[in-house]
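Okay, structure first, notes after.
Values below: all heavy atoms of this structure, side chains included; hydrogens, waters and symmetry mates excluded. Just so you know, these numbers come straight off a predicted model, no measurement behind them.
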Amino acid sequence: MLNDYNVKAVNDAYKNAHIAMQSISDLLPEVKDEGIKRELEEEFKGYETHINNISAFMKENEIEPQDINAFKKAIMKGSIKMKTFFDDSKNQIADMMLKGTVMGINELAQMMNEKKNLDENVKTLISELLKTEESYEKRLRKFL
């Protein structure tokens, strides 16, 4: 049985990947540039893999996933619509995704810095997601 700290960490990683997927899903209809569109589609698949892995772990450990709330989803979608209304260039799309990715990296890095408190399996899930986001950060910079 995982302690509360580990349950929160797993849920935070789940939300991190879910927010990224939601952002990509909201952004894709606004993207005109084929290069960044392909990048976002690849990232979406990567986050989906992490969500599936985290979800399977949660199910095995009887952890109820805590989704992002509808209000936050609506705010995110509105913000994306507003920002892309005035500028839907690949630079703007990359900049928006980079900011979100860096926030995700920072959250995951903070969790990893507390790894003495993390279960090995939780640590692995977070570490893998962190590596993925760090690779996405490098790839997104090419579109600036």
Tell me which donor-acceptor pairs under 3.5 Å the side chains of residues 94-106 have, and how far apart each pair is, sequence neighbours excluded?
from	atom 1	to	atom 2	distance (Å)
Asp95	OD2	Lys99	NZ	3.0
Thr101	OG1	Met97	O	2.7
Asn106	ND2	Val102	O	3.4

Name each donor-acceptor pair under 3.5 Å that joins a side chain in residues 21-30 to protein atoms two or more places apart or in another chain, with its distance.
from	atom 1	to	atom 2	distance (Å)
Gln22	NE2	Asp26	OD1	3.2
Ser23	OG	Ile19	O	3.0
Glu30	OE2	Lys81	NZ	2.6

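When all heavy atoms of Ile126 and Leu118 are compared, the closest pair comes out as CD1-CD1, 4.1 Å. Summarising the geometry of Tyr14 relative to Ile51, their closest heavy-atom pair is O-CD1, 3.5 Å, with the distance given to 0.1 Å. The heavy-atom pair separating Leu129 from Ala13 by the smallest distance is CD2-O, 3.6 Å. Of all the heavy atoms in Asn11 and Ile63, the pair that sits closest is ND2-CG2, 3.8 Å. The minimum heavy-atom distance linking Met111 with Asp12 is given by the pair CE-CB, 3.8 Å. Closest of all the heavy-atom pairs between Glu42 and Arg139 is CB-NH2, 3.8 Å.
The neighbour count for Asp4 CG, taken as heavy atoms of other residues, nucleotides or ligands under 6.0 Å away, does not exceed 12.
Side chain of Asp119 to main chain of Asn3: no donor-acceptor pair is present (N/O by atom type, distance under 3.5 Å, no hydrogens or angles).
Phe57 places a side-chain heavy atom less than 4.5 Å from the side chain of Val10. For the pair Lys45/Thr49, no side-chain contact is recorded, criterion being any heavy-atom separation below 4.5 Å from C-beta on. Put simply, the side chain of Asp88 does not reach to within 4.5 Å of the side chain of Val31, judged on heavy atoms.
Here the CG-CD1 distance, from Asn91 to Ile36, works out to 8.0 Å after rounding to the nearest 0.5 Å. Lys37 contributes atom NZ, which lies 8.5 Å from atom NZ of Lys32 (distance to the nearest 0.5 angstrom). Taken from OG1 in Thr84 to CE in Met82, the straight-line distance is 10.0 Å, to the nearest 0.5 Å. With rounding to the nearest 0.5 angstrom, the CG atom of Asp87 is 4.5 Å from the CD atom of Gln92. Note that CG of Asn61 and CG of Leu2 are 4.5 Å apart. Values are rounded to the nearest 0.5 Å. The OH atom of Tyr47 lies 10.0 Å from the CG atom of Leu40; values are rounded to the nearest 0.5 Å.
Between Tyr136 and Glu39, the side chains place no donor N or O within less than 3.5 Å of an acceptor N or O (distance only, hydrogens not considered).
A salt bridge links Lys123 with Glu120: the closest approach of a Lys/Arg side-chain nitrogen to an acidic carboxylate oxygen falls below 4.0 angstrom.
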### Message
Set out, in order, the CA-CA distance, both residues' side-chain angles and the distance that settles side chain to side chain contact (heavy atoms under 4.5 Å, CB included) for Leu108 and Asn16, then state yes or no.
### Response
CA-CA 8 Å; Leu108 295 168; Asn16 180 304; 3.6 Å; yes

